Colleague: 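The following block contains the structure, expressed as structure tokens.
Numbered from 1 within each chain, the chains take letters A, B, ... in sequence-line order. Below, each value reflects all heavy atoms present in this structure, side chains not excepted, and no hydrogens, waters or symmetry copies. All figures in this text were calculated on a predicted structure; none of them were measured in a lab.
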Amino acid sequence: MDPYYIWISEVMLQQTQVDTVIPYYEKFITHYPTMHALAQAPQEEVLKHWEGLGYYSRARNLQAGVREVVENYDAQIPSDRKTLLNVKGIGPYTAGAILSIAYQKPEPAVDGNVMRVLSRIFQIDEDITKAKTRKTFEQLVYTLIPEDDASPFNQGLMELGALICKPKTPLCEACPLSHLCQARQAGKQTDYPVKSKKLKQKGIHYVAVVLQDDQGRYLIQQRPSEGLLAGFWEFPLQEISASTDEVLPSAEQFIEETFGTLSIKWSVCEETAQHIFSHLKWQLNVVQGKVLSGQVPSLQEKPMRWIAETELKDYPFPVPQQKIMKIARIAY
DNA sequence: GACGCGTGGCC
DNA sequence: TGGCCAAGCGT
């Protein structure tokens, strides 16, 4: 197996289900069949191919890592753990996956599946949400992994976790390891793995300002290069308090601050959208505005553009923005 | 070491 | 509906 393709697939599979990844993976390797192709691509184009897959820093870090390998290692992915771990976007899991699957080295690739399976078999009580716990499992895997069969061992362990040793309802009857599973013998399968609870998402209310100029073009702006949805384009968002009576005033204030006084015909959309992130919960109101003819708003030094509706498909938009477009009845 | 970082599926 | 879940990594 080509280590580069292993790398791409393992990065895509981080915190993401196989069925979701497959179409993205196929499209991605078609566009970027070699590390040189990915290294040379514009970052915004790479983001466009990652659009909808989530955790977009993975895409930026993957490209940054590929550029490192092309420049520093003559496009040969390192085959030792220490060097691999210094490559952007490659952590302990991905390093182990590349080493075992692509290079047949007996190295652990400990992910959530592996920790769930092993915590049940050996009744390990450490909290798997703690970063330190992964090392415990890596040490355990070193004692278990066969010298000459590391790839099937690692992949089999993950596959077992995904299909049989599932979080809620483990299929112990079908499990080939049930005879040596300590949690099973104690009847405590679902007590493992031990996991501390995570906090509830913080709610934030926004109004999305969908503005068209007198030529029918839309105003979009680019998010900062770091942080949530970094680098993506969006219809400008203004944070508001929970009360809906400040939806239109907030939109008007945004326009005032951006362009100064403008004559605009506004309409407030009845329909609202919600988007849940792992740590945030967005409530989205949508306001549409049309600049009355004869006025040509100029843009300040902000990362904003006026673009035609037909150009929207060329820009990467995250899912919450796609929901806004649906409410505003914009084809995308 | 704690926290920030997406999305879709499932019950 | 809301909470939980999924093949983690960078800061």
Colleague: For side-chain hydrogen bond (donor to acceptor under 3.5 Å, both in side chains), just list the numbers for A:Gln104 and A:Ser100, CA-CA rounded to whole Å, side-chain angles, deciding distance to a tenth of an Å, and then say yes or no.
Modeller: CA-CA 4 Å; A:Gln104 282 75 48; A:Ser100 61; over 6 Å; no
Colleague: For B:dT7 and A:His275 - does any side-chain N or O of the residue sit under 4.0 Å from the phosphate oxygens OP1/OP2?
Modeller: yes
Colleague: Over all strands shown, is A:Val18 touching base, sugar-phosphate only, or nothing at heavy-atom distances under 4.0 angstrom?
Modeller: base
Colleague: I'd like to check the side chain to side chain donor-acceptor pair (under 3.5 Å) partners of A:Tyr24; sequence neighbours left out, ordered by chain and number.
Modeller: none
Colleague: Tell me which donor-acceptor pairs under 3.5 Å the side chains of residues 168-184 of chain A have, and how far apart each pair is, sequence neighbours excluded?
Modeller:
| residue | atom | partner | partner atom | Å |
| --- | --- | --- | --- | --- |
| A:Ser178 | OG | A:Cys175 | O | 3.2 |
| A:His179 | ND1 | A:Pro176 | O | 3.3 |

Colleague: In residues 92-108 of chain A, which ones come under 4.0 Å of DNA chain C, going by heavy atoms?
Modeller: A:Pro92, A:Tyr93, A:Thr94
Colleague: Could you pull out all residues at least two apart from A:Ile29 that satisfy side-chain contact (heavy atoms from CB on, under 4.5 Å)?
Modeller: A:Tyr5, A:Ile8, A:Tyr25
Colleague: Is there any protein nitrogen or oxygen under 3.5 Å from a nitrogen or oxygen in nucleotides 2-5 of chain B, and what are the pairs?
Modeller:
| residue | atom | partner | partner atom | Å |
| --- | --- | --- | --- | --- |
| B:dC5 | OP1 | A:Leu228 | N | 3.0 |
| B:dC5 | OP2 | A:His279 | NE2 | 2.8 |

Colleague: Under 4.5 Å between any side-chain heavy atoms of A:Trp50 and A:Tyr55, yes or no?
Modeller: no
Colleague: For nucleotides 2-5 of chain C, tabulate all protein N/O to nucleotide N/O atom pairs closer than 3.5 Å, reporting atom names and distance.
Modeller:
none

Colleague: Report the distance from atom NZ of A:Lys132 to atom P of B:dG1, rounded to the nearest whole Å.
Modeller: 7 Å
Colleague: Quiz question: by atom type and distance under 3.5 Å, do the side chains of A:Glu45 and A:Tyr32 form a donor-acceptor pair?
Modeller: yes
Colleague: Using only heavy-atom distances, determine whether the side chains of A:Tyr93 and A:Arg134 contain a donor-acceptor pair under 3.5 Å.
Modeller: no
Colleague: Kindly say if A:Lys88 contacts the phosphate of C:dT11, meaning a side-chain N or O under 4.0 Å from OP1 or OP2.
Modeller: yes
Colleague: How many Å lie between CD on A:Gln322 and P on B:dG6, as a whole number?
Modeller: 14 Å
Colleague: Mind jotting down which residue pairs meet the ring pair (Phe, Tyr, Trp, His ring centres under 6.0 Å) criterion with at least one end in residues 273-297 of chain A? Sequence neighbours excluded, please.
Modeller: A:Tyr206-A:Trp282, A:His275-A:Phe277, A:Phe277-A:Trp282
Colleague: For DNA chain B, determine which residues of residues 121-129 of chain A have any heavy atom closer than 4.0 angstrom to one of its atoms, and list them numerically.
Modeller: none
Colleague: Hey, can you pull the residues of residues 58-65 of chain A with a non-hydrogen atom under 4.0 angstrom from DNA chain B?
Modeller: none
Colleague: Any side-chain heavy atom of A:Met12 within less than 4.5 Å of one from A:Phe28?
Modeller: yes
Colleague: Tell me the interatomic distance from A:Leu163, atom CG, to C:dA6, atom C1', rounded to whole angstroms.
Modeller: 13 Å
Colleague: Under a 3.5 Å threshold, yes or no: a donor from one side chain and an acceptor from the other, between A:Ser196 and A:Asp127?
Modeller: yes
Colleague: Between atom CG in A:Asp19 and atom C1' in B:dT7, what is the gap in whole Å?
Modeller: 14 Å
Colleague: Rounded to the Å, how far apart are A:Trp50 CH2 and B:dT7 C1'?
Modeller: 13 Å
Colleague: How would you list, by chain and number, every residue that makes a side-chain contact (heavy atoms from CB on, under 4.5 Å) with A:Pro316, sequence neighbours excluded?
Modeller: A:Glu44, A:Leu47, A:Lys48, A:Glu51, A:Phe232, A:Trp233
Colleague: What is the distance, rounded to the nearest whole Å, between atom CZ of A:Phe317 and atom P of B:dT7?
Modeller: 14 Å
Colleague: Could you list the residues that satisfy side-chain contact (heavy atoms from CB on, under 4.5 Å) with A:Asn86, not counting sequence neighbours?
Modeller: none
Colleague: Using only heavy-atom distances, determine whether the side chains of A:Glu126 and A:Thr136 contain a donor-acceptor pair under 3.5 Å.
Modeller: yes
Colleague: Can you list everything that forms a side-chain contact (heavy atoms from CB on, under 4.5 Å) with A:Ser263? Sequence neighbours excluded, please.
Modeller: A:Leu292, A:Gln295
Colleague: Whole angstroms only, please: what is the CG-P distance between A:Leu13 and B:dG9?
Modeller: 16 Å
Colleague: Ignoring hydrogens and angles, does a donor from either the side chain of A:Thr20 or the base of B:dG9 sit under 3.5 Å from an acceptor on the other?
Modeller: no
Colleague: Can a donor-acceptor pair be found between the side chains of A:Glu246 and A:Ser241 at a distance below 3.5 Å?
Modeller: yes
Colleague: What's the CD-C1' distance between A:Gln321 and B:dG6, to the nearest Å?
Modeller: 14 Å
Colleague: Assess the side chains of A:Gln14 and A:Thr94: does a donor N or O sit below 3.5 Å from an acceptor N or O?
Modeller: yes
Colleague: Any ion pair linking A:Lys88 and A:Glu68 (charged N to carboxylate O, less than 4.0 Å)?
Modeller: no
